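In each ligand, atom 1 is the first atom listed, and ligand 1 is the first ligand listed. On a predicted model such as this, the values are computed, not experimentally measured, just so you know.
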Amino acid sequence: MKHFLSVEHMTKEEIIALLDMAEKYRQDEYELTKQVFSANLFFEPSTRTKMSFIVAERRLGIEALEFNTENSSMKKGETLYDTAKTFEAIGADVLVIRHESDDWADELKDRMNVPIVNAGAGKKDHPTQSLLDAITIYQEFGSFDGLNIVIAGDIKHSRVARSNAQMLTKLGANVYFTGAPDFMDDSLAYPYVTMDEAIEMSDVLMLLRIQHERHDQFSSSTVNYNEHYGLTIEREKKMKEHAIVLHPGPVNRGVEIDTTLVECDRSRIFKQMSNGVYVRMAVLTTQLLKWGIIHEHDIKKRNSTFGGQPVTKMRSVN
Ligand code: CP
């Protein structure tokens with residue numbers, strides 16, 4: 001793995017190493033001591049991902065260079081590639097990029113001399129989201145083996161669905177999709193279940209927002225969506241006792257989830273966001289190490305040896 005662009009080519013061991021490092025940061029065991037600059041290049045709106053990268057960077061002591069598409073030279077016609085090269089030239093050590101194109105990384109990945117971290121690519125990849133979802137699930141169950149994880153909603157237009165299905169399958173979970181028929185994607189080889197089957201079988205129910213901005217035509221499935229495909233109060237009552245609810249955010253209250261359930265006992269929605277900081281600290285550190293921008297002696301370790309035994313001791317569910 002050169003840049004951090006996709007779950008597709010990650011091994012289970014690489015995923016677990018990142019989850020381990022995130023835990024170390026969460027437990028305040030690591031600290032970065034070298035000055036590093038990052039550029040957060042967000043060409044699509046973001047609250048959670050952008051802000052948690054900024055918090056992750058600040059906690060690592062990384063100086064984030066400000067960038068806003070509205071007042072950047074992209075307004076004068078500068079391309080994504082030239083913008084990225086500009087940040088590399090002026091001293092950014094790592095680029096964090098979100099862009100509406102599925103394949104924005106293709107024109108950059110072989111031409112950049114600093115690591116790129118994918119903060120969201122169109123409807124294709126959102127690898128740091130799947131890491132934070134994985135660590136949230138791990139914290140709950142201590143394992144992925146045999147867990148039934150149902151991803152519910154606008155599968156067709158969701159990068160979260162794609163990255164999570166890949167990552168959670170690699171980690172040993174059984175991944176299913178559910179949603180309105182015109183939100184399904186036949187190119188994705190995961191079993192589909194009905195919402196009511198999903199409610200009964202899921203250990204983890206991951207709800208997705210309808211990605212209106214990626215729809216090219218009106219979908220009648222969006223009418224009375226909560227009643228037909230959302231998590232209603234009645235459906236929540238039928239879930240397994242231990243089942244949890246995830247949502248990558250932003251949440252459309254009353255659409256994919258009843259507003260009263262956003263902070264219900266099963267909801268781990270805000271915990272996911274907190275975990276986002278730690279996994280992004282781990283991804284940034286790993287990339288900077290891999291590219292030789294920092295070295296192990298730049299990481300102050302408090303209570304443990306770097307690269308030691310993983311904290312993640314997998315155990316089987318049931
Ligand atoms: N989950 C997620 O990517 O949220 P933002 O779009 O707010 O970053």
Side-chain angles (χ1 to χ4, degrees), residues 4-7 18-19 22 38-59 64 66-70 94-102 104-105 116-137 139 149-168 177 179 183 204-215 230-231 244-253 255-257 261-263 267-284:
F4 185 82
L5 296 178
S6 167
V7 174
L18 285 165
L19 300 182
S38 70
N40 299 323
L41 309 180
F42 279 67
F43 301 94
E44 264 194 344
S46 171
T47 299
R48 276 146 292 275
T49 311
K50 185 172 180 182
M51 291 304 144
S52 65
F53 265 111
I54 288 175
V55 173
E57 288 157 352
R58 289 194 182 158
R59 291 189 66 159
E66 277 196 33
F67 175 78
N68 184 332
T69 48
E70 289 308 302
V94 56
L95 306 182
V96 178
I97 302 181
R98 167 176 288 193
H99 196 281
E100 65 271 16
S101 162
D102 285 3
W104 60 258
I116 306 166
V117 174
N118 183 353
K123 55 183 172 14
K124 193 172 167 200
D125 290 301
H126 198 349
T128 60
Q129 178 70 44
S130 51
L131 279 175
L132 75 87
D133 291 335
I135 203 165
T136 306
I137 294 167
Q139 287 164 356
I149 300 179
V150 183
I151 305 177
D154 188 0
I155 307 293
K156 194 176 194 168
H157 304 98
S158 172
R159 55 190 171 218
V160 175
R162 281 166 179 72
S163 286
N164 261 312
Q166 290 174 25
M167 181 170 290
L168 295 168
F177 289 150
F183 290 168
V204 178
L205 180 65
M206 184 182 294
L207 302 167
L208 301 174
R209 180 178 66 87
I210 303 172
Q211 308 273 306
H212 288 288
E213 70 276 26
R214 297 185 217 290
H215 291 203
L231 185 62
I244 60 169
V245 173
L246 303 185
H247 191 310
V251 171
N252 285 148
R253 288 172 179 261
V255 183
E256 63 271 11
I257 184 168
L261 299 176
V262 173
E263 293 176 71
S267 170
R268 300 293 178 271
I269 296 173
F270 291 95
K271 191 175 187 192
Q272 288 171 268
M273 296 177 206
S274 304
N275 282 328
V277 172
Y278 307 117
V279 299
R280 287 166 180 136
M281 289 172 83
V283 168
L284 289 164

Quiz prompt | Contact atoms of ligand 1, heavy-atom distance to Thr47 under 4.0 Å | solution = 5 (P), 7 (O), 8 (O)
Quiz item: With atoms numbered from 1 as shown, which atoms in ligand 1 lie under 4.0 angstrom from a non-hydrogen atom of Gly249?
Solution: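 Every atom of ligand 1 under 4.0 Å from some heavy atom of Gly249: 1 (N), 2 (C), 4 (O).
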Quiz item: Can we say Arg209 and Asp154 salt-bridge, meaning some charged N sits less than 4.0 Å from an Asp/Glu carboxylate O?
Solution: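 Salt bridge: no.
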Exercise. May I ask you to check if ligand 1 and Pro248 share an N or O to N or O distance below 3.5 Å?
Key: yes
Quiz item: Is the closest N or O pair between Lys50 and ligand 1 shorter than 3.5 Å?
Solution: no
Quiz prompt | Pair Gln129-Asn164, side-chain donor/acceptor within less than 3.5 Å | solution =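 Side-chain D/A pair, Gln129 to Asn164: absent.
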Quiz item: Does the side chain of Arg280 come under 3.5 Å of the side chain of Ser52 through a donor N or O and an acceptor N or O?
Solution: yes
Quiz item: In the protein, which heavy atom is nearest to atom 2 (C) of ligand 1, and how far is it?
Solution: Thr49 OG1, 3.4 Å
Quiz item: Tell me, which protein residue and heavy-atom name are nearest atom 4 (O) of ligand 1, and how many Å apart are they?
Solution: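 Going atom by atom, the protein heavy atom closest to atom 4 (O) of ligand 1 ends up being Arg48 NE, 3.1 Å.
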Indicate yes or no: at least one non-hydrogen side-chain atom of [X] is less than 4.5 angstrom from one of [Y].
{"X": "Pro127", "Y": "Leu5", "answer": "no"}
{"X": "Tyr278", "Y": "Leu132", "answer": "no"}
{"X": "Arg162", "Y": "Ser130", "answer": "no"}

Practice problem: Please work out whether any backbone atom (N, CA, C, O) or any side-chain heavy atom from C-beta onward of Arg98 is under 4.0 Å from ligand 1, and answer side chain, backbone, both or neither. | Solution: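 Looking at Arg98 and ligand 1, just side chain atoms fall under 4.0 Å.
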Quiz item: Which word best sums up how the rings of His99 and Phe43 line up, parallel for under 30°, tilted for 30 to 60°, or perpendicular for over 60°?
Solution: tilted
Quiz item: Mind checking whether His126 has a heavy atom under 4.0 Å from ligand 1?
Solution: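 Yes, His126 has heavy atoms under 4.0 Å from ligand 1.
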Quiz item: If you measure from each heavy atom of Gly120 to ligand 1, is any distance below 4.0 Å?
Solution: no
